[in-house]
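Hydrogens, waters and symmetry mates play no part in the numbers below; they use all other heavy atoms, side chains included.
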Amino acid sequence: PRLGEAPGALARAAALAEGAGGRFALLARRSNDRGALRAGLHPGLLPGGRMVDDPDRRAQVEVPWGTLLPSAPGRDTAAILRAAADREIRTLFLVGVDPLRDFPDAALARRALENVTHTVVVDIAEHGMAMYADALLPAAAYLEKDGHVTDWEGRAQRLRPVRSPAGLARSDWQIFQALSAFLGRDLGFHAIEDLREEMARLWAASEGAGSGPAPATGAPATGAPATGAPATPTPPTVVGVDDHQVVLFSYPLLVDEGRQSAGADRLKAALEEPAFVEVHPLDAERLGVVDGGTARVETKAGSALLPVRVSEHVAAGSAFVPWNQPGLAANTLFSGRPTAAATVAPAGEGSGA
């Protein structure tokens, strides 16, 4: 996913693969990210992987939709939250996302939620959004709805419901349809087949419709889809560091405090680990920390006291903290991306930050 952070990187990778007689595939971090891109859930994309600022590709969508579309990319997640924090946006509509845990800047996410006039949450449970939500709309869970997912190779896979949604819960498309009708801009979807039929028409008009977005045409360089998922960009260069300075980075472990593990108490009891900071043996000696000891990790965004792990499996000059383990929400240590300059020092010792 970090290729998407560098302008032109995806196109170069695709060209390199073609020159070698191979094919290029973008291996996204989260399940169905490929499907989200294919559906146009990115500020720079339209359905079928079309670039929004390409007039010819945009026209392919305007014809079946019968409406004019914006000619410039929209806001990504960070820009949406900044606009909400600055009160340029009055309403946040959150679908299956918790920015307080997902976005790599917890302080910005909190300011955004506190400064908007209204917040609407669509999810299968209240989670941490209940205190901010003016309206909670119950969504159907993964195994309660009909639909498709797209794997990393671009293959569509059919989903079939195991049971009916409980109570008033509905599939996301049904919620959007009901809201659109109430607002007088009816989307016109009254069955899942209607939605599939329209998407099939949009994809059929796109070159390489079966393979999703083609990176060689120049995919957006503004980061991951606007889903709140943390990306993993190239670590920043740290200039003028002191003896306690490292590049801190983070990503989620398989079993953590995320929504997919909710209620899996036996699984978490067996495999979930508490939060920690992992450093290379050379850095441990330089930083004065020891395996099994406690260190203070501090960035411009925040600080945490964490157990130390010394391992050769992390690169020298960097330190790793898991994204969402018990005892730490790592996004409290970052300011917009999951890498940061940090100081690591034995607990009780001043960091000088």
Side-chain angles (χ1 to χ4, degrees), residues 1-2 29-30 98-107 109 127-128 228-236 238 241-353:
R2 72 183 62 185
R29 189 186 68 80
R30 297 170 73 113
D98 181 352
L100 291 176
R101 302 293 289 193
D102 291 341
F103 186 70
D105 189 337
H127 304 312
T232 52
T234 303
V238 181
V241 299
D242 61 27
D243 290 340
H244 292 292
Q245 195 91 63
V246 294
V247 175
L248 186 70
F249 70 100
S250 180
Y251 56 78
L253 301 184
L254 183 61
V255 180
D256 63 5
E257 291 299 289
R259 301 293 180 239
Q260 297 292 341
S261 301
D265 297 333
R266 294 178 65 182
L267 176 67
K268 292 198 285 189
L271 298 176
E272 188 177 43
E273 303 177 87
F276 59 88
V277 57
E278 187 174 10
V279 297
H280 190 274
L282 293 177
D283 291 318
E285 183 177 356
R286 174 174 64 87
L287 301 170
V289 298
V290 297
D291 190 69
T294 303
R296 176 177 291 277
V297 179
E298 189 165 358
T299 67
K300 290 183 178 179
S303 64
L305 289 174
L306 297 170
V308 176
R309 291 187 182 181
V310 179
S311 169
E312 293 183 350
H313 298 296
V314 64
S318 65
F320 169 76
V321 292
W323 183 254
N324 193 15
Q325 299 303 118
L328 176 69
N331 65 346
T332 59
L333 299 175
F334 299 104
S335 300
R337 53 194 319 178
T339 57
T343 58
V344 177
E349 181 176 324
S351 65

Chemist: Please round to the nearest 0.5 Å and tell me the distance separating atom NZ of Lys300 and atom CG of Leu333.
Modeler: 14.5 Å

Chemist: Taking the side chain as C-beta and beyond, is there a heavy-atom pair between Val344 and His244 under 4.5 Å?
Modeler: no

Chemist: In chain order, what residues pass the side chain to side chain contact (heavy atoms under 4.5 Å, CB included) check against Asp105, with sequence neighbours excluded?
Modeler: Phe103, Ala107, Leu108, Ser335

Chemist: Specify the closest pair of heavy atoms between Pro104 and Pro338, including all atoms of both residues, with the distance to one decimal.
Modeler: CB-N, 3.9 Å

Chemist: Within a strict 4.5 Å, meaning less than it, do heavy atoms of the Val289 and Pro346 side chains meet?
Modeler: yes

Chemist: State, yes or no, whether a side-chain contact exists between Leu271 and Leu254 at a heavy-atom distance under 4.5 Å.
Modeler: no

Chemist: Scan residues 303-330 for pairs that pass salt bridge (Lys or Arg N to Asp or Glu O under 4.0 Å), counting only residues two or more places apart or in two chains.
Modeler: Glu273-Arg309

Chemist: Look at the side chain of Thr299 and the backbone N and O of Phe334, then say whether any donor-acceptor pair between them is shorter than 3.5 Å.
Modeler: no

Chemist: Mind checking side chain to side chain contact (heavy atoms under 4.5 Å, CB included) for Ala329 and listing every partner two or more places apart, or none if nothing turns up?
Modeler: Arg101, Asn331, Thr332

Chemist: Does Pro326 have any side chain to side chain contact (heavy atoms under 4.5 Å, CB included) partners at least two apart in sequence or in another chain, and if so, which?
Modeler: Glu257, Glu272

Chemist: Say whether, by atom type as modelled, one donor and one acceptor occur between the side chain of Asn324 and the main chain of Asp256 under 3.5 angstrom.
Modeler: no

Chemist: Please identify each residue that fulfils side chain to side chain contact (heavy atoms under 4.5 Å, CB included) with Pro322, with sequence neighbours left out.
Modeler: Leu253, Phe276, Phe320, Gln325

Chemist: So, taking the atom named CG in Leu305 and the one named CZ in Arg296, what distance separates them when rounded to the nearest 0.5 Å?
Modeler: 4.5 Å

Chemist: Which donor-acceptor pairs under 3.5 Å do the side chains of residues 277-285 make with protein atoms, sequence neighbours left out?
Modeler:
unit_1	atom_1	unit_2	atom_2	d
Glu278	OE2	Ser311	OG	3.1
His280	ND1	Leu282	N	3.1
Asp283	OD1	Arg286	NE	3.4
Asp283	OD1	Arg286	NH2	2.9
Asp283	OD1	Gly317	N	3.4
Asp283	OD2	Gly317	N	2.5

